[in-house]
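Each ligand, and each atom within it, is numbered from 1 in the order the structure gives. Computation of the quantities below employed the complete heavy-atom set of this structure, encompassing side-chain atoms and omitting hydrogens, waters and symmetry-equivalent molecules. Keep in mind that what you see is a predicted model, and the values were worked out from it rather than measured.
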Amino acid sequence: MKLIDLHTHTRASDGTDSPSALVEKAHAAALAALAVTDHDTLSGLEEAEETGRSLGIRVIRGCELSAGTEHGEVHILGLWLPRKAQSLQEQLVQLRRKRAERNALIVDKLRGLGLAISLEDVREVARGESVGRPHIAEVLLRKGYVKDLRQAFGDYLGSRGKAFVPKEVLEPETAVRLLAQLGATVCLAHPMLQKYPRGWLEGFIGRLAGYGLTAVEAWHSEHSEADVRACLALAKRFGLGLSGGSDYHGGNKPGICLGVGRGGLRIRLEVLEALEARRRAQGLPC
Ligand code: AMP
Ligand code: ZN
Ligand code: FE
Ligand code: FE
């Protein structure tokens, strides 16, 4: 059985592997294909593709965008991004600028709480262009202010933490349309990570389908079997495709391995083939 992974992060955003190391690990794990889907940046893609070509493993160009709803953030994956994606690149520049402003506010809050941390420290930890809370968490860990990343989010950076600053994000419709207009496969990431009021997710997915949403990420490291079944039903109801990925972040999400998640994830090559068939039917390149 050939396996794939369509949701992974590198140190271009908040993963800990370089793009080439990520692809080498995917190759070592005998995956047939992987999508690199960093938050708010495409800067890891070329290196990943180059390594993919030399090792003979398929690399799909992707990214992950955050969007805001009345029930918190949702994440949207764009897969099969074209090489020329100016509208997206322009939006990503804005999003990274907002990240930088937010990171500065978070650092200010932390300093106000008496923690000796600077933006310089954060820059040293973040080796890519998309910088976020996991990098700040790493600084707190290295300086001994917390015992692990979990505590960094619980005490300081999470939505109930003492230094929380909300992130300015896109409207879901804007994110979906932006990716759809580029000919990407647009996938609602890990829809079951949060519990929503009854019926809300159905309405939300139905709405986004009208803007170009093409798939639902049914298989994910944090999805239970019941979650997967719920995703399959949602996709069927709206005529959407299915995707799956581990959401691997290297050392920033301990216990999640490339391809297999916490050990039990199995995303078959057929999932990729079905998404490709859908693209061909839409006249989109694979
Ligand atoms: P940001 O995009 O800067 O808001 O950071 C969000 C990222 O932080 C997510 O993609 C997760 O990888 C990570 N994250 C969020 N909450 C937690 C948590 N409680 N513990 C560890 N990592 C988290
Ligand atoms: Zn992340
Ligand atoms: Fe996500
Ligand atoms: Fe992710």
Participant: For Gly132, take its heavy atoms, then give the atoms of ligand 1 lying under 4.0 Å from any of them.
Facilitator: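 Those atoms are 3 (O).
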Participant: Spell out, yes or no, whether Leu284 and Val186 are grouped together once hydrophobic residues are joined by side-chain heavy atoms under 4.5 Å, including indirect joins.
Facilitator: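 Each belongs to a different hydrophobic cluster.
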Participant: Can you find a side-chain donor-acceptor pair between Gln86 and Glu90 that sits under 3.5 Å?
Facilitator: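 Result is yes, a qualifying pair exists.
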Participant: Check Arg99 with Glu168, please: is the shortest side-chain N to carboxylate O separation under 4.0 Å?
Facilitator: no
Participant: So which heavy atom in the protein is nearest atom 2 (O) of ligand 1, and how far is it from that ligand atom?
Facilitator: Lys167 NZ, 2.7 Å
Participant: For Glu217 and His223, which I'm curious about, is there any donor-acceptor pair between the side chains at under 3.5 Å?
Facilitator: no
Participant: Check the side chains of Thr185 and Arg279 for a donor-acceptor pair under 3.5 angstrom, ignoring hydrogens and angles.
Facilitator: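 Indeed, the side chains of Arg279 and Thr185 share at least one donor-acceptor pair under 3.5 Å.
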Participant: Any luck finding a side-chain donor-acceptor pair between Thr41 and Glu129 under 3.5 Å?
Facilitator: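 Yes, Glu129 and Thr41 have a side-chain donor paired with an acceptor closer than 3.5 Å.
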Participant: Check contact between Arg102 and ligand 1, using heavy atoms of the residue and a distance below 4.0 angstrom.
Facilitator: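 Heavy atoms of Arg102 do come under 4.0 Å of ligand 1.
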Participant: Heavy-atom contact check, 4.0 Å cutoff: does Gly158 meet ligand 1?
Facilitator: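 Contact absent.
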Participant: Is it the case that one hydrophobic cluster holds both Phe164 and Leu141, taking links as side-chain heavy atoms less than 4.5 Å apart, direct or via other members?
Facilitator: no
Participant: Of all the heavy atoms in Arg99, does at least one lie under 4.0 Å from an atom in ligand 1?
Facilitator: yes
Participant: Can you tell which part of Arg133 has a heavy atom less than 4.0 Å from ligand 1: side chain, backbone, both or neither?
Facilitator: both
Participant: Testing the 3.5 Å rule here: is there a donor-acceptor pair between the side chains of Trp200 and Glu70?
Facilitator: yes
Participant: Check the pair His75 / His7 against ring-ring contact (aromatic ring centres under 6.0 Å, His included), numbers first and verdict last.
Facilitator: CA-CA 11 Å; His75 290 173; His7 186 164; 8.1 Å; no
Participant: Given that the side chain starts at C-beta and the backbone is N, CA, C, O, which of these parts of Asp14 lies under 4.0 Å from ligand 1, counting heavy atoms, or is it both or neither?
Facilitator: side chain
Participant: For the pair Glu138 and Arg142, evaluate salt bridge (charged side-chain N to carboxylate O under 4.0 Å, His left out) and give the outcome as yes or no after the intermediate values.
Facilitator: CA-CA 6 Å; Glu138 178 66 26; Arg142 287 190 191 179; 3.0 Å; yes
Participant: Listing residue and atom name, which protein N/O/S atoms are closer to the Fe ion (ligand 3) than 2.8 Å?
Facilitator: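 Under 2.8 Å from the Fe ion (ligand 3) - ignoring waters, which are not counted - the protein N, O or S atoms are Glu64 OE2, His75 ND1, His190 NE2.
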Participant: Identify the protein heavy atom lying closest to atom 22 (N) of ligand 1, giving its residue, its atom name and the separation to 0.1 Å.
Facilitator: Phe153 CE1, 3.3 Å
Participant: Verify the distance criterion only: is there a donor paired with an acceptor across the side chains of His135 and Asp14 at less than 3.5 Å?
Facilitator: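 No.
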Participant: Tell me which one of His135, Glu73, His39 gets a heavy atom nearest to atom 10 (O) of ligand 1.
Facilitator: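 Considering heavy atoms of His135, Glu73, His39, the nearest to atom 10 (O) of ligand 1 sits in His39.
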Participant: Taking only heavy atoms of His249 into account, list the atoms of ligand 1 that are under 4.0 Å away from them.
Facilitator: 12 (O)
Participant: Give me the nearest non-hydrogen protein atom to atom 11 (C) of ligand 1 as residue plus atom name, then the distance to 0.1 Å.
Facilitator: Lys253 CE, 4.1 Å
